[in-house]
Amino acid sequence: MNGVGCLTSSQETKKSIGGNLWKLLQADERAVELMMQKYNLPYLIARILVLREVGIDEVNNFLDPKIQKLMPNPDVLKDMSKAAKRIAQAVIKREKIAIIGDYDVDGATSSSVLRLFLEETGIKPLIHIPEREEGYGPSIQAVDAFKAQGAQILITVDCGTTAFEPLEYAVSLGMDVIVIDHHEAETKLPKIYAVVNPKRLDEDNDYPYLKFMAAVGVVFMSVVAINRELRVQKFYSSEHPEPDLMKWLDLVALGTVCDVVPLKGLNRAYVRQGLKIMANRNNLGLTTLIDKANLNEAPTAFHLGFVLGPRINASGRVGDADMSHKLLCCSDSYQAQVMADKLNEYNVARKDIEAHVMLQAIEMLEGTPQAYPIAFVSGKNWHQGVIGIVAGKLKERYNLPSFVMSIEDDEVKGSARSIPQVDLGALIIAAKEKGLITKGGGHTMAAGFSLEEEKIEAFREFVGKYVVEKIGSEAITPILDIDAELDAAGAKLELLDYLEKLEPYGAGNKEPLIVLKNVHLVKPALVGVGHVRCILTSANGGSLKAMAFRVGDNDIGHTMLTSKGENFDVAGVLRRDRWQGRNEVQFILSDIRRA
């Protein structure tokens, strides 16, 4: 079984040096055995596929996802055919098309993919990305501005499904309005020309993974449908050659990863293929941003989510919301350099603002006894662009549901992040029903809300009691879900080759967390800014390099540096070391426990 073992029940109740409980996830061993036999897979790989709920007939599509296999006829989505024909008609008749997007990465990539496609057909669309202060989605003011510029069609991307008033107002002005979105829908839809959204409550659900798409994925399906309609109408010619739609998959991958949607079904194919396109460096703006970020290797899903995404998001958080979309559509090298530099500046500013708010929040929480097991803080005019990030970091720091609020002149705006035991979506609905907040919405783990300043304390008490009811008043020990155990001798390049077939990693397909049992830490040393490296050896003769990042000032780093020949179990992930032309296995250590 490739050195795979199992944690004992006593080990699962023992805290690690990092303060976590380790829990080995339980897999259906019969399903694992069947998958090993049918596809000739190593035990560890089959086990992870079963844990990721990949069906026995879905293995090939998971390991080798192809868009042509996983994307159905776009017309399976309601209103898609209608929307595609109307937009194709507008292209043929040279009508004025207006687009409203959103200020996050999904919004920027969605508006960019649609704009770049329309420009290749000869249409120069009007684009509006609302600033954060203007609020999310379409507004009456934006509709009026488009009408004044002669817009005949209004298309919203990554927004609009519940924007009844402004969109129906646009209809009253004579515009045909089309929504291309992926957000939750209500029973009622706006009375407009078309709503293309896989989360419409009346969708047939024949392809359930379409509901996982980011908005940019829905936009790409729409572009496929529009392109097909233009082909049917014999629009393409030597004057207007048919575009290669695949070249925009780099943007589709970027928006999909950064919107943290599950990397299942079609999304896996979008990201797998999009990363290949991105490595070809065809998009000038994106390539310039990659170079400014000093990314000197082929981008991975990690780089999209943690290197490029934050820079693109920064414009909507603390700068000019329109800039990210402009960069992604840029064809001028000098302008691309200027905008990429500006996004880097915005990202630095965002980090500074975030650090300032974070420090104030920690001082509030740790300087005063807390009545409830929540991180609940508010401050005057805290920047709205960072309160969600701060809420997420407080949740990670304290392992508690976290609520961060900015007290503005007219209202209090808040953001919340949760732990698995507390459903924020249900909490926000309950608070709204009690009249404690004026508006709000969200998912199980994340939410946004607004309230009046005088209601803050009542809201704190409500949230505190709600959380106590769910988890009790004791602090909860965080749990590390372990995918598999392995002896260090089993960490070979052949296994790593298989593991890389499980990529891209992200929401719904986390990078496999593996425990190496009973290892010695040889030659532990502090390197860089607080990192610890060592060699892990096992009794079976296994040996591999390991690195633990940013642990120099905590218990994990101290234990590693003073290990003195003890035996440890270590948790982390296997990665390929390509530094200076190497091709070796290395272990990225995230937690440690005495064996």
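Nothing here was measured: the structure is a model prediction, and the numbers come from that model.
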Is it true that, when you exclude [X] itself, more than 12 heavy atoms of the residues, nucleotides or ligands shown sit nearer than 6.0 Å to its [atom1]?
X      : atom1 : answer
Lys188 : NZ    : no
Glu297 : CD    : yes
Glu131 : CD    : yes

TODO: Let me see the working for Asp341 and Lys292 under salt bridge (charged side-chain N to carboxylate O under 4.0 Å, His left out), right down to the final yes or no.
DONE: CA-CA 7 Å; Asp341 279 335; Lys292 294 287 183 184; 3.1 Å; yes

Open item on the list: One pair to check against side chain to side chain donor-acceptor pair (under 3.5 Å): Glu408 and Ser406. What are the steps and the verdict?
Closed with: CA-CA 6 Å; Glu408 309 289 329; Ser406 173; 2.4 Å; yes

So does [Y] get a backbone contact from the side chain of [X], meaning a donor-acceptor N/O pair under 3.5 Å?
X      : Y      : result
Tyr270 : Gly217 : yes
Ser402 : Leu400 : yes
His520 : Asn567 : no
His531 : Arg550 : yes
Glu411 : Asp409 : no
Glu203 : Pro198 : no
Asn399 : Thr477 : no
Lys455 : Gly435 : yes
His303 : Thr300 : yes
Asp106 : Ala215 : yes

Between [X] and [Y], is any pair of side-chain heavy atoms under 4.5 Å apart?
X      : Y      : value
Tyr346 : Met323 : yes
Val532 : Leu561 : yes
Leu210 : Leu266 : yes
Pro524 : Ser563 : yes
Arg350 : His383 : no
Leu304 : Leu275 : yes
Lys432 : Phe449 : no
Leu343 : Asn347 : no

- [ ] Measure from NZ or CZ of Lys545 to the centre of the six-membered ring of Phe587, then state whether that distance is under 6.0 Å and the direction lies within 45° of the axis.
- [x] no

Open item on the list: Does Arg268 qualify as a cation-pi partner of Phe62, given the criterion of NZ or CZ under 6.0 Å from the six-membered ring centre and within 45 degrees of its axis?
Closed with: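 Positive - Arg268 is close enough to the ring of Phe62 and near enough to its axis.
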
Task: Heavy-atom closest pair, residues Gly572 and Ser590 - done: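 What the structure gives for the nearest pair is CA-OG, 3.8 Å.
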
Task: Shortest non-hydrogen contact between Pro138 and Leu167, atoms and distance - done: CG-CD2, 3.8 Å

With distance as the sole criterion, is a donor-acceptor pair present between the side chains of [X] and [Y] under 3.5 Å?
X      : Y      : answer
Thr438 : Ser450 : no
Asp591 : Trp22  : yes
Glu366 : Tyr398 : yes
Asn197 : His182 : no
Asn344 : Arg311 : yes

Open item on the list: Measuring from atom OG of Ser139 to atom CD1 of Ile100, what distance do you get when rounded to the nearest 0.5 angstrom?
Closed with: 6.5 Å

Task: Parallel, tilted or perpendicular: ring planes of Tyr466 versus Phe462, cut at 30 and 60 degrees - done: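 Tilted.
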
Open item on the list: Check the orientation of Phe403 and Phe459. Use parallel for under 30°, tilted for 30 to 60°, and perpendicular for over 60°.
Closed with: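 Judged by the thresholds at 30° and 60°, the geometry between Phe403 and Phe459 is perpendicular.
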
Task: Ionic contact status for Glu354 with Lys393, cut-off 4.0 Å - done: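 The answer is yes: the pair qualifies as a salt bridge.
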
Task: Pair Glu396 + Arg417: basic N to acidic O under 4.0 Å - done: no

Task: Counterpart residues, side chain to side chain contact (heavy atoms under 4.5 Å, CB included), relative to Arg52 (two or more places apart) - done: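 Residues passing side chain to side chain contact (heavy atoms under 4.5 Å, CB included) with Arg52: Ile48, Val54, Asp483, Asn509, Lys510, Pro512.
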
TODO: Mind checking side chain to side chain contact (heavy atoms under 4.5 Å, CB included) for Val219 and listing every partner two or more places apart, or none if nothing turns up?
DONE: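 Side chain to side chain contact (heavy atoms under 4.5 Å, CB included) check on Val219 returns Ser110, Val113, Leu114, Val157, Ile180, Val223.
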
TODO: Could you give me the CA-CA distance, side-chain angles and deciding distance for Lys15 and Leu21, then say whether side chain to side chain contact (heavy atoms under 4.5 Å, CB included) is met?
DONE: CA-CA 5 Å; Lys15 275 191 186 182; Leu21 293 178; 4.1 Å; yes

Open item on the list: By the definition side chain to side chain contact (heavy atoms under 4.5 Å, CB included), identify the one residue from Asp104, Val105, Leu254 that meets it with Asp259.
Closed with: Asp104

Open item on the list: Please evaluate residues Lys465 and Glu469 with respect to the criterion salt bridge (charged side-chain N to carboxylate O under 4.0 Å, His left out), reporting the C-alpha separation (whole Å), side-chain torsions for both, the decisive distance (0.1 Å), and the verdict.
Closed with: CA-CA 6 Å; Lys465 289 179 177 176; Glu469 188 179 312; over 6 Å; no

- [ ] Could you go through the side chain to side chain contact (heavy atoms under 4.5 Å, CB included) check for Phe376 and Ile456 one step at a time?
- [x] CA-CA 10 Å; Phe376 190 100; Ile456 289 178; 3.9 Å; yes

- [ ] List the steps, then state whether salt bridge (charged side-chain N to carboxylate O under 4.0 Å, His left out) holds for Asp569 with Arg593.
- [x] CA-CA 5 Å; Asp569 299 335; Arg593 184 179 65 186; 3.2 Å; yes

- [ ] Begin from the C-alpha positions of Val377 and Met405 and carry the test side chain to side chain contact (heavy atoms under 4.5 Å, CB included) through to its verdict.
- [x] CA-CA 6 Å; Val377 289; Met405 287 147 286; 6.0 Å; no

Task: Test log, rule side chain to side chain contact (heavy atoms under 4.5 Å, CB included), inputs Met547 and Leu589 - done: CA-CA 6 Å; Met547 178 74 83; Leu589 188 151; over 6 Å; no

Task: Criterion side chain to side chain donor-acceptor pair (under 3.5 Å) on Thr256 and Asn267, from CA distance to verdict - done: CA-CA 7 Å; Thr256 298; Asn267 284 349; 4.7 Å; no

